[in-house]
Amino acid sequence: MKELKLDLINAFKELIVEPNQRVVILPHVNPDGDAIGSALGMAHILKTSGLQVNVVCVNEYADFFKWMDDQESVTFYSSDPKKVEQLLDDSDLLICLDFNHLSRTGKMKELIENYSKSTVLIDHHPYPQDFADIIISHPECSSTAELVFHVIRALDFEQYMNKSAAECLFCGIMTDTGSFDYNVSDPQTFQTVGELLKFGIDQDYIHSQVFDNYSADRMRLLGYCLNECMEVFPEHHAAVIYLTKETQAKFNFVKGDSEGFVNYPLSIRGIHFSTLFSEKDGMVKASFRSKGEFAVNEFASENFNGGGHCNAAGGEIYASLTETLDKYRKLLPVYQEKLVKTKS
Ligand code: 5GP
Ligand code: MN
């Protein structure tokens with residue numbers, strides 16, 4: 001990872017050395033393991049240092065992240081918008097984690113746009129929007145959770161780290177690297193994990209909490225999708241899985257059930273571009289993954305109002321699932337040159 005910029009670390013430190021500062025921490029909408037892990041991890045550390053900290057989420061995250069210490073204190077804008085507004089009004093500092101654009105704050109966008117106190121952004125997505133006073137952006141970092149660890153160390157706040165914080169940060173690194181499968185070419189990521197293990201965390205337990213915690217319905221849904229709702233385009237090195245509302249209802253779908261589905265087609269020989277389309281009310285949510293050079297964040301921003309990383313991105317489209325699939329099928333030949341060029 002590149003060196004942290006000391007001027008940014010010092011500016012951040014000035015904002016958090018005052019005792020009793022009131023801090024709100026905000027991860028992106030539909031928080032994943034890195035978003036909620038880095039938010040709660042950072043909260044544990046800053047609370048121990050004597051600050052008043054509240055984690056606020058735009059909406060719910062999956063049940064398999066609900067083992068993290070203190071997660072019951074998170075306030076959700078989706079269920080208690082007034083309280084979130086109050087927490088923001090009463091705060092001195094806002095720390096945004098794991099997103100690079102205000103559009104990733106969903107229904108809280110306007111609220112965050114109008115936030116008048118200091119804002120710090122810590123993130124690993126490329127091309128951050130210039131909405132914060134201090135932007136600590138490291139796209140080369142495996143996860144925001146790893147970046148939080150480096151920032152905490154640079155701030156000389158490692159003294160406030162504890163096991164709860166280490167568990168949360170470990171979860172962020174584990175989930176954003178697909179259990180250390182990708183984004184792990186930098187030895188520093190494993191060194192960071194080594195540092196976290198020193199806090200006595202049980203990595204088998206954490207892995208199990210996240211990945212061995214699915215319902216039977218979810219496993220049957222996965223089987224059904226792979227069998228009935230996957231199209232493979234060998235000539236384009238691409239595959240797509242689609243999840244209709246009908247299928248979701250059939251398998252009693254709950255938030256998080258399709259987590260990881262998009263990765264499966266990448267295990268097919270010759271496939272290095274995978275897509276998952278999930279039908280929602282009046283729109284379709286898209287997830288993209290790739291191996292090699294094919295930049296799915298470009299594909300997402302050029303066609304599906306989205307973005308993300310080179311090999312993992314998402315987006316959304318206000319169209320029916322049928323229209324979305326038609327659009328996708330027509331796009332594959334357009335991207336053929338890039339798809340063929342990509343090695344996997
Ligand atoms: P996922 O497919 O797991 O939802 O998201 C993969 C990556 O794409 C994550 O880094 C996430 O932050 C980003 N991402 C997902 N959905 C969107 C979206 O609608 N807009 C943008 N800009 N990024 C997204
Ligand atoms: Mn992340």
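Atoms within a ligand are numbered from 1 in the order they appear, just like the ligands themselves. Keep in mind that what you see is a predicted model, and the values were worked out from it rather than measured.
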I'd like to know if [X] and [Y] make a salt bridge, using a cut-off of under 4.0 Å between side-chain N and carboxylate O.
{"X": "K66", "Y": "E60", "value": "yes"}
{"X": "R153", "Y": "E195", "value": "yes"}
{"X": "K109", "Y": "E113", "value": "yes"}
{"X": "D69", "Y": "K163", "value": "no"}

Identity of the N, O or S atom of [X] lying closest to the Mn ion (ligand 2):
{"X": "H124", "answer": "NE2"}
{"X": "D176", "answer": "OD2"}
{"X": "D98", "answer": "OD1"}
{"X": "D34", "answer": "OD2"}

Centroid separation under 6.0 Å, is that true for the rings of [Y] and [X]?
{"X": "Y335", "Y": "F273", "value": "no"}
{"X": "H138", "Y": "H124", "value": "no"}
{"X": "F288", "Y": "Y328", "value": "no"}
{"X": "F304", "Y": "F277", "value": "yes"}

Which of the atoms in ligand 1, numbered in the order shown and given with their element, are less than 4.0 Å from a heavy-atom of K285? 15 (C), 16 (N), 17 (C), 18 (C), 19 (O)
Which of the numbered atoms in ligand 1 are under 4.0 angstrom from any heavy atom belonging to G315? 16 (N), 17 (C), 18 (C), 19 (O)
Do ligand 1 and A286 have nitrogen or oxygen atoms that lie under 3.5 Å from each other? no
Close N or O approach (H28, ligand 1; < 3.5 Å): no
Show your reasoning for whether salt bridge (charged side-chain N to carboxylate O under 4.0 Å, His left out) applies to D92 and R22. CA-CA 5 Å; D92 307 300; R22 293 158 305 178; 3.0 Å; yes
Report the nearest protein non-hydrogen atom to [atom]: residue, atom name, distance rounded to 0.1 Å.
{"atom": "atom 17 (C) of ligand 1", "result": "R104 NH1, 3.2 Å"}
{"atom": "atom 15 (C) of ligand 1", "result": "G314 CA, 3.4 Å"}
{"atom": "atom 7 (C) of ligand 1", "result": "A312 O, 3.6 Å"}
{"atom": "atom 22 (N) of ligand 1", "result": "G307 N, 3.2 Å"}

Option set P31, G106, S287, G260, criterion heavy-atom distance to atom 2 (O) of ligand 1, minimum: S287
From H309, E316, R289, H125 - option closest to atom 6 (C) of ligand 1 by heavy atom: R289
